[in-house]
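Proteins come first, then strands; the chains are lettered A, B, ... in the order of their sequence lines, and each starts at number 1.
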Amino acid sequence: MTLTENSNAASVSFENVTKVYGTDVRAVDNISVDIAAGTLVTLLGPSGCGKTTTLRLIAGLEMSTSGTIRIGDKDVTKLPATDRDVSMVFQSYALFPHMTVLENVSYGLKFSGFDKTETKERAMAGLDLVGLSGYGTRLPSELSGGQQQRVAVARALVLEPQVLLFDEPLSNLDAKLRRQVREEIREIQQKLGLTVVYVTHDQEEALAVSDRIIVMNNAVVAQDGTPRELYDAPANRFVADFIGEANILDCEISSVTGDRAKVQLGDYGAELPSRGLASGKALLAVRPNRVIVGKSGMENAIPGEIARFTYVGNHLELTVDTDHGQIFATSTDVDAEFQPGDAVAVTFASKGPVLLGE
Amino acid sequence: MVKPATQKKTAQSTLLTWLIVGWAGFCLVPWYGMEDGFFSFDWLSWGYLFDTDTAPGLFLVFQGEKLWLAPLMVFLAAPIYAVGKARTDASYSKILIICGALGFGWLIAQGFGIGIRGWQFAWLEDLFGPLGDRQFGMGYGGLLVASAFLFVFTQGIAARGAVNGDIFVVGAIGFIIAIVTIFVFYPILSMLGSAFITQENSYSVGVFFEKFTDRRLWGLACLSGGRCGAAWNSLALAILVGALTTILGLIFALVVTRTGFRFKRGLRAMTVLPIITPPFVIGLAIILLFGLSGNVTRFFADLLGIAPSRWVYGLPGILIAQLLAFTPIAFLVLIGVVEGVSPSMEEAAQTLRANKWETFRTVSLPLMRPGLANAFLLGFIESMADFGNPLVLGGNFDVLSTEIFFAIVGAQYDQGRAAVLALVLLAFTLAAFYAQRFWLGKKSYTTMTGKGDAGVHPQLPQGLAIPVFTIAGIWMLFTLTIYVMIVYGSFVELWGVNNALTFKHYLTAFSVKFGEHGVHWSGSAWDSFWTTLQIAAVSAPLTAAVGLVTAYLLTRQNFAGKSAFEFGTMLSFAIPGTVIGVSYILAFNVPPIEITGTGIILVVSFIFRNMPVGVRAGIASMSQLDKSLDESSLTLGANSWQTFLNVILPLLKPAILAALVYSFVRAMTAISAVIFLVSAQYNMATSYIIGRVENNDYGLAIAYSTTLIVVMLIAVGLMQILVGRTNVGRRMGQTRTTVQAGG
Ligand SMILES: Nc1ncnc2c1ncn2[C@@H]1O[C@H](COP(=O)(O)OP(=O)(O)O)[C@@H](O)[C@H]1O
Ligand SMILES: [Mg+2]
């Protein structure tokens with residue numbers, strides 16, 4: 001048999017969930033999110049921001065201090081891990097060292113009411129799916145890191161859980177393997193239509209695999225959206241900074257009409273979506289590849305001086321000193337010649353800048 | 001998936017099972033204990049239901065007898081209503097908690113309130129008038145009904161969401177608390193109560209202080225050539241023994257795991273020998289060697305032309321004997337820890353430019369800290385509680401454990417003094433316990449990630465290997481000599497007087513005749529021998545089970561009152577056997593639990609005396625297992641009981657073996673508690689041997705001891721085969737040995 005589309009895949013929803021460790025460590029602070037069935041959602045954020053805790057709350061390995069957690073339509077807030085139909089792939093893989101690969105993969109099936117032959121068939125199918133068919137009789141210690149990782153994935157997959165959780169699954173793998181394994185995970189997820197919640201602190205990994213990304217910071221959700229939304233329209237300074245690089249510049253909103261705002265930054269002016277901001281001081285975030293560095297005296301641009309110039313093969317990296325701070329730019333026009341100290345002018349592509357509150 | 005449904009079913013069927021057990025206990029089996037003992041089924045004949053001696057509770061009540069049992073029916077009946085209800089229903093948990101608590105409470109209240117002479121307390125008589133009836137200790141019925149109430153109660157607590165609503169964990173916690181309370185706290189409290197009892201049977205604090213400040217307890221005269229108090233003696237001895245056994249144990253563990261030592265197997269086997277030797281046998285052998293007329297003493301006296309002295313009696317003798325006896329315990333604790341240190345950590349250190357010595361000092365040794373602390377604690381407490389060696393070798397060196405013994409059996413017969421001494425002993429051991437926790441602090445020593453560590457332990461650095469070899473070698477020689485002396489002594493007609501060889505002692509003890517009625521066990525030792533085997537075989541698995549479950553709860557679960565729980569479970573270890581013995585007699589000679597003179601009291605005393613070793617061994621091994629192993633099992637749908645069974649237990653085989661071996665062997669060799677608890681029907685080998693020693697029949701005593709040693713060797717070997725090994729498949733290198741405790 002082979003594993004086919006998973007009809008169990010269920011949504012996950014958090015409603016004002018808080019987790020306090022001991023008396024005062026607020027690891028998760030009043031979070032509300034919805035994760036649709038059959039999607040891969042990443043929890044992204046710096047170390048210590050509460051990602052693992054959030055994941056463990058879904059698994060039932062931690063109990064929330066307050067709030068409601070639902071999987072599918074069912075309120076699971078008070079259910080322990082055993083009783084939730086959720087599997088997890090641990091950062092350390094947590095393969096049982098005293099069981100063979102096949103026994104590891106069969107482990108959960110044993111407790112799910114499958115008979116012996118079906119358990120074996122499913123386990124074999126799971127191993128097949130991760131490309132380890134011939135390895136059933138080995139002990140985990142006789143596998144490489146990447147193979148151990150796949151066993152851990154297979155072990156969780158064969159249960160066809162409502163939700164599959166990954167806690168930094170690639171952190172013990174080398175870079176090349178990382179790309180390969182993450183693509184495999186994504187492929188399997190899409191093929192089987194699984195709901196996957198995936199924790200990582202690597203923004204590139206998150207952008208590459210996710211349907212949606214939930215960015216966390218200091219125990220709260222900083223932003224929740226598709227990779228494109230996060231990249232093109234970060235909601236705040238933290239997200240703009242954390243996902244990709246961004247120049248964050250102080251600017252002035254001179255007037256707001258409807259949802260358009262007139263923005264002034266020295267000699268540069270533009271009309272941008274106001275994103276709910278009122279006139280006054282604001283921040284402007286611009287991705288480096290949306291920065292245009294041109295000849296001094298250019299229209300609608302701020303003057304500056306080249307501070308650093310690096311040629312990195314397929315693009316140029318430029319750092320420009322201006323009155324508004326350093327601006328970092330990349331340019332695909334690799335033939336342009338700049339020298340440190342050259343006077344230049346900096347402006348932004350029309351869809352480039354995004355207004356931020358604080 | 002099917003899981004949520006099964007879960008609900010488990011909860012319901014568990015509740016139903018316990019209710020059936022409770023009702024069976026009330027309706028089908030005799031309520032009161034049987035005269036002939038727990039395992040005799042003579043009562044099982046027609047009509048037992050109606051004989052008031054053997055009737056179940058229900059039939060007693062229907063006959064109008066023991067009407068105070070009637071309320072139990074209400075508490076057993078009400079939970080039936082909850083069986084049909086959903087677990088999340090608020091009334092479900094309420095009914096279970098109320099009925100469980102009230103039922104259990106009532107059971108205890110009636111047990112203590114009404115005894116052999118009717119009302120136990122005068123105020124009850126004042127309140128209700130004379131009773132005109134009485135009752136004896138509870139039996140099967142009481143036991144089953146009490147268990148039912150207990151587990152109904154814990155299921156109610158679980159349903160309210162304690163420990164994530166886990167029935168198994170809450171039930172296990174409740175069970176351990178109940179048995180520790182009944183078999184540790186209750187006897188000790190009733191015993192300590194007597195520390196305040198005056199000659200006239202009234203309570204007084206003064207009497208306590210008078211005994212506490214005794215000069216025989218705290219005197220420091222030995223600093224100026226006199227005799228020191230027993231408290232200081234015990235403390236000094238225990239610190240010495242704790243430290244030295246830990247060092248020696250570590251040395252042997254290192255030799256076995258990290259060197260190319262050629263006699264590893266021999267060393268392993270030899271470190272086991274002293275554990276399976278009854279106490280005072282080592283003491284006797286040391287007297288044979290170093291005593292006034294001992295071989296070594298005489299040899300040196302002749303050589304140097306000086307008069308033989310009694311130097312060995314007192315601190316030196318006890319120290320040597322205890323080192324021989326307790327180093328193997330430290331070894332057993334440390335071997336698991338030393339092997340558990342992940343080789344990849346050590347390999348990592350080496351690649352970070354640490355040389356072998358630096359690696360050992362900065363990585364291996366610190367990672368062994370929990371093991372070292374445990375080993376020290378065990379050695380310290382064992383030394384404090386040891387009774388056999390100070391009895392034989394003590395001379396003028398008084399220690400607390402023997403003082404307690406003499407306070408009770410001696411001419412002085414002073415229960416109060418015994419209780420005060422026990423308090424002091426307890427204070428020392430508890431202080432050691434807390435010092436250990438303080439030292440370990442909150443650091444994590446987890447090294448096994450469950451990824452199946454690859455790699456090989458590095459060899460010991462050269463500079464360390466040489467002294468380590470030397471010490472191991474000396475130890476082996478010394479131990480060998482001691483045992484040769486023991487075996488040789490068992491064949492000698494009369495030591496030091498008539499050195500002719502003979503089988504006489506063995507024949508007296510173990511002769512077998514084949515008559516017309518089959519085999520006739522005519523030897524004088526057979527009775528106590530069979531009893532001992534039986535009791536040891538029953539108590540070992542029970543001890544291991546209770547110990548490991550406790551260790552699991554302590555390392556893997558979080559619940560309110562956990563540190564109090566740990567304290568309670570470790571307490572019995574800090575109480576010397578003498579005190580356990582006396583307190584058991586006092587507490588269990590009267591209803592509601594009347595087990596003095598039975599085999600049960602022996603089994604129970606062994607379980608609670610040896611359980612802490614199981615707990616410690618379990619904790620040491622379990623804290624080396626990464627928690628993500630359990631957690632992944634839980635997220636894969638196994639419940640906590642299945643996780644315990646399938647993941648934790650198999651990875652704990654070394655700890656299980658250590659616990660089994662230790663408790664079996666201790667049950668066969670223990671003396672201090674046993675000597676109070678044996679009866680004509682249940683005599684144990686050690687108390688029989690002590691009797692021989694008192695009659696100066698050394699030959700027979702040593703022959704019997706030798707036989708016991710051989711029997712235990714065989715039993716330990718069998719257990720190793722039975723428990724088997726768990727292959728975690730580390731890459732085998734030239735120095736790897738499979739994790740395995742005790743030769
Ligand atoms: N068992 C625990 N006890 C106390 N504090 C904890 C525990 N687990 C995590 N924390 C704290 O909660 C916060 C969030 O941790 P975690 O969810 O592991 O972060 P992340 O996975 O995002 O790195 C951290 O500050 C961490 O120190
Ligand atoms: Mg984390």
Which heavy atom of A:Ser92 sits nearest a heavy atom of B:Ser628, and at what distance? OG-OG, 3.1 Å
B:Asp166 versus chain A, the contacting section by heavy-atom distance below 4.5 Å: neither
Could you check A:Tyr93 against B:Ser632 for side chain to side chain contact (heavy atoms under 4.5 Å, CB included), going step by step and ending with a plain yes or no? CA-CA 9 Å; A:Tyr93 314 147; B:Ser632 76; over 6 Å; no
Please tell me whether A:Arg84 and B:Thr635 have a donor and an acceptor in their side chains that are separated by less than 3.5 angstrom. no
The residue among B:Asn646, B:Asn639, B:Leu636 that forms side-chain contact (heavy atoms from CB on, under 4.5 Å) with A:Phe111 is B:Asn646
So, do B:Ser640 and A:Thr82 sit near enough that their side-chain heavy atoms are less than 4.5 Å apart? no
Take atom CG in A:Asp73; do more than 12 heavy atoms of anything else shown fall under 6.0 Å from it? no
Does the side chain of A:Pro97 come within less than 4.5 Å of B:Leu629's, by heavy atoms? yes
Does atom CZ of B:Arg556 have more than 12 heavy-atom neighbours from other groups under 6.0 Å away? yes
Decide if atom NZ of B:Lys94 counts as having more than 12 heavy atoms of other residues, nucleotides or ligands within a radius under 6.0 Å. no
Using a 4.5 angstrom heavy-atom cutoff, name the option from A:Arg56, A:Lys78, A:Arg138, A:Lys110 with the most pairs to chain B. A:Arg56
Heavy-atom distances under 4.5 Å only: say whether A:Met63 touches chain B with side chain, backbone, both or neither. side chain
Student check: side-chain heavy atoms of A:Tyr107 and B:Val647 closer than 4.5 Å: yes
Within the structure provided, determine whether B:Pro650 and A:Met99 are in side-chain contact (heavy-atom separation under 4.5 Å). no
